[in-house]
Each structure stands twice: as structure tokens, then as C-alpha cells.
Amino acid sequence: MSKPVKSPLRLALFASGTGTNARAILQAHRRGDLPELEPVLLFSDKDSKAADYARSIGLDTLILYPKDYPSRQAHEEAVIKELEDRQVDLIALAGYMRLLTPVFIKAYENRILNIHPSLLPEFPGTNSIERAYQMQVPFSGVSVHLVDEGMDTGPILYQEKVNLEDGMSLEDFEEAIHKVEHKIYSQTLRAYARKILSGP
Ligand code: GRF
């Protein structure tokens, strides 16, 4: 894709679930904390709380159900078309539960970020907080990274540690991790947007 030169960069949020991260980003934007970004779309692959919230604040909200397409590729091509129509510059995956194909990654190379609830490369994949808790690690954390073709493997942009304190329940630990997620995702998005806008 051609490089945007204009601020604010047009941001699409991808979410499949509760959408607390998408919501934190949208709230940061509303507070004026993300001046280099303009959220233009919430995309979901299913009916989700994330989509409900986006609709409730009047953000352009789109759901394309994979089952309505003959193949994974056809679904992704439809998504890409919608992104192109909206001139999206940057994509933030926020609990988007589908692995993107190489075609998609190539179309938005270095323009897709993801947040993951562990210190990658530790605990990639699903149930990361629970697995870390079950192992009683002294700490885990949160990673924001660029998305490549692997599962949670792209270059890391920012990480923050979260201690597993004595006596913490799994719920306490989850809450502590989500709190950090909600703080660092918008901050990292802003730093990355600035980097793009400052040119090569
Ligand atoms: C978060 O823990 C995020 O790190 C992971 O999926 C979860 C999404 O939560 N990728 P939410 O839908 O943003 O509440």
C-alpha cells in the first residue's frame, strides 16, 4: 500500500469479543490523547460487545461473517476492500480471534499491531494469562507487537511486566494484566503513528 503522509492516520480496530481494549483506545482518542490517529472503523467477524460499543458511540461498525464467504481468502478480500474504501492506514487488532493470511499481512505490511497478554515469546496463543498463573510464574505481562504471518510472533514494539503477587487469584492477575493493556495499547499506537508520520 502507498505510504500515508497525512496526520491523523486512519485507524481500524479489529475485535471479536468484549472489546475492552478497543474501548480504551476509543476513549483515549475522545480524551484527546491520540491526536495522530483517527478511528474510522470497528471491524468484527461476529456479533460482539466490541461492535455493540462502537455502534453506541456512532463509530462506523462493520461485521463480515466468515460463513458468508466461500473461503477464508474471499472473506479477507472483502475485508481489504472495505479498508481500502475507508482509506485505512493502520490496523489495531484488539482481541481479534482470527489468524490473518499472508495476503492480508502483505497488503498492510508493518501497519498491523496486536496486543497480547504475556511477555512474548512466552505464552503465545490462547489462555496466556491462565497458563502463566497455573505455572505460578513470578511475573508475566503485556506485549504490543507488529503482526507477521506467525501466531504472536511479529517484532515487539513495547512490553510491560506485571507481577504475580503472593495470594493473587487468577481473577486478580487477569485484572492487573488488563489494566496494563488498557494503558499501553493506545500509548504504543501513538508512538508508532508518530514514527510512521515522521517518515523513513
Ligand atoms: C486481550 O487480553 C488481548 O490481549 C487479547 O485478547 C484479549 C481481548 O480482550 N489479544 P478485549 O476483547 O479487548 O476485552
Side-chain angles (χ1 to χ4, degrees), residues 1-2 4 9-26 29 37-118 120-121 123-131 142-155 157 174 177-178 181-182 185-186 188-189 192:
M1 67 180 290
S2 60
L9 298 179
R10 294 170 66 80
L11 175 71
L13 297 160
F14 279 34
S16 306
T18 341
T20 60
N21 280 285
R23 190 175 182 138
I25 291 165
L26 292 166
H29 178 258
L37 288 161
E38 178 64 33
V40 294
L41 176 69
L42 184 298
F43 173 73
S44 194
D45 57 331
K46 52 174 70 160
D47 299 320
S48 56
K49 282 196 180 163
D52 292 345
Y53 175 73
R55 249 185 239 112
S56 78
I57 60 162
L59 179 68
D60 185 5
T61 304
L62 175 72
I63 304 176
L64 297 181
Y65 304 95
K67 66 173 170 47
D68 291 343
Y69 296 83
S71 65
R72 191 172 162 208
Q73 194 182 328
H75 176 252
E76 276 198 354
E77 279 165 4
V79 180
I80 290 172
K81 165 87 172 59
E82 298 286 347
L83 297 175
E84 285 173 353
D85 286 352
R86 292 167 175 81
Q87 298 176 300
V88 165
D89 299 311
L90 201 60
I91 299 167
L93 306 185
Y96 186 65
M97 297 310 284
R98 296 177 68 78
L99 202 57
L100 300 169
T101 69
V103 173
F104 195 103
I105 311 270
K106 185 119 190 65
Y108 286 90
E109 204 166 10
N110 294 325
R111 296 301 172 91
I112 313 171
L113 279 70
N114 184 41
I115 186 156
H116 185 80
S118 76
L120 291 170
F123 304 107
T126 55
N127 303 321
S128 311
I129 307 175
E130 202 178 329
R131 285 186 285 132
V142 179
S143 306
V144 179
H145 65 97
L146 287 174
V147 174
D148 67 8
E149 288 157 22
M151 165 84 85
D152 304 321
T153 53
L157 297 174
E174 281 172 343
I177 288 196
H178 292 315
E181 288 191 318
H182 299 159
Y185 205 2
S186 54
T188 308
L189 273 165
Y192 194 67

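Not measured: the values here are computed from a predicted model.
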Gap separating the CD1 atom of Ile80 from the CD atom of Gln73, nearest 0.5 angstrom: 8.5 Å
Using the six-membered ring wherever Trp is involved, compare the ring planes of Tyr96 and Phe14 and label them parallel, tilted or perpendicular (cut-offs 30° and 60°). perpendicular
Distance (rounded to the nearest 0.5 Å) between Asp152 CG and Leu99 CG: 8.5 Å
Could you walk me through whether Val147 and Tyr108 pass the side-chain contact (heavy atoms from CB on, under 4.5 Å) check? CA-CA 10 Å; Val147 174; Tyr108 286 90; over 6 Å; no
One should read off an interatomic distance between Tyr185 OH and Leu93 CG, to the nearest 0.5 angstrom, of 5.5 Å
How close do Ala94 and Asn21 get, heavy atom to heavy atom, and via which atoms? CB-CB, 3.9 Å
Treating Arg131 as the side-chain partner and Thr126 as the backbone partner, does any N or O pair qualify as donor plus acceptor under 3.5 Å? yes
Worked verdict on Ile25 versus Leu11 for side-chain contact (heavy atoms from CB on, under 4.5 Å): CA-CA 10 Å; Ile25 291 165; Leu11 175 71; 4.1 Å; yes
Backbone N or O of His178 within a donor-acceptor pair of the His182 side chain at under 3.5 Å? yes
Asp89 side chain vs Arg10 backbone, donor-acceptor pair below 3.5 Å: yes
Short question: side chain of His116, backbone of Phe123 - any donor-acceptor pair under 3.5 Å? yes
Nearest 0.5 angstrom please: Ile63 CD1 to Phe43 CZ, how far? 8.5 Å
Does Arg55 pair with Asp52 as a salt bridge, N-O distance under 4.0 Å? yes
N/O donor-acceptor pair under 3.5 Å between Ser44 side chain and Ala51 backbone: no
Could you check whether any side-chain N or O of Glu82 sits under 3.5 Å from a backbone N or O of Leu62, counting only pairs where one atom can act as donor and the other as acceptor? no
Passes side-chain contact (heavy atoms from CB on, under 4.5 Å), Leu157 versus His145? Steps please. CA-CA 5 Å; Leu157 297 174; His145 65 97; 5.6 Å; no
Qualifying residues under salt bridge (Lys or Arg N to Asp or Glu O under 4.0 Å), relative to Lys81, sequence neighbours excluded: Asp85
Answer whether the closest heavy-atom distance between the side chains of Arg72 and Arg98 falls below 4.5 Å. yes
Considering non-hydrogen atoms only, spot the tightest contact between Tyr192 and Leu113 and give its length. CD2-CD1, 3.7 Å
Is there side-chain contact between Tyr53 and Leu26, with at least one heavy-atom pair below 4.5 Å? yes
CG on Leu42 to CZ on Arg23, rounded to 0.5 Å: 11.5 Å
Taking every non-hydrogen atom, the tightest pair across Ala15 and Ala50: CB-CB, 3.5 Å
Shortest non-hydrogen contact from Phe104 toward Glu76: CB-OE1, 3.2 Å
Distance (rounded to the nearest 0.5 Å) between Thr153 OG1 and Asp148 CG: 3.5 Å
Just by modelled atom types, is the Met97 backbone N or O under 3.5 Å from a matching donor or acceptor in the Ser16 side chain? yes
Trace of the side-chain contact (heavy atoms from CB on, under 4.5 Å) decision for Val142 with Ile115: CA-CA 7 Å; Val142 179; Ile115 186 156; 3.7 Å; yes
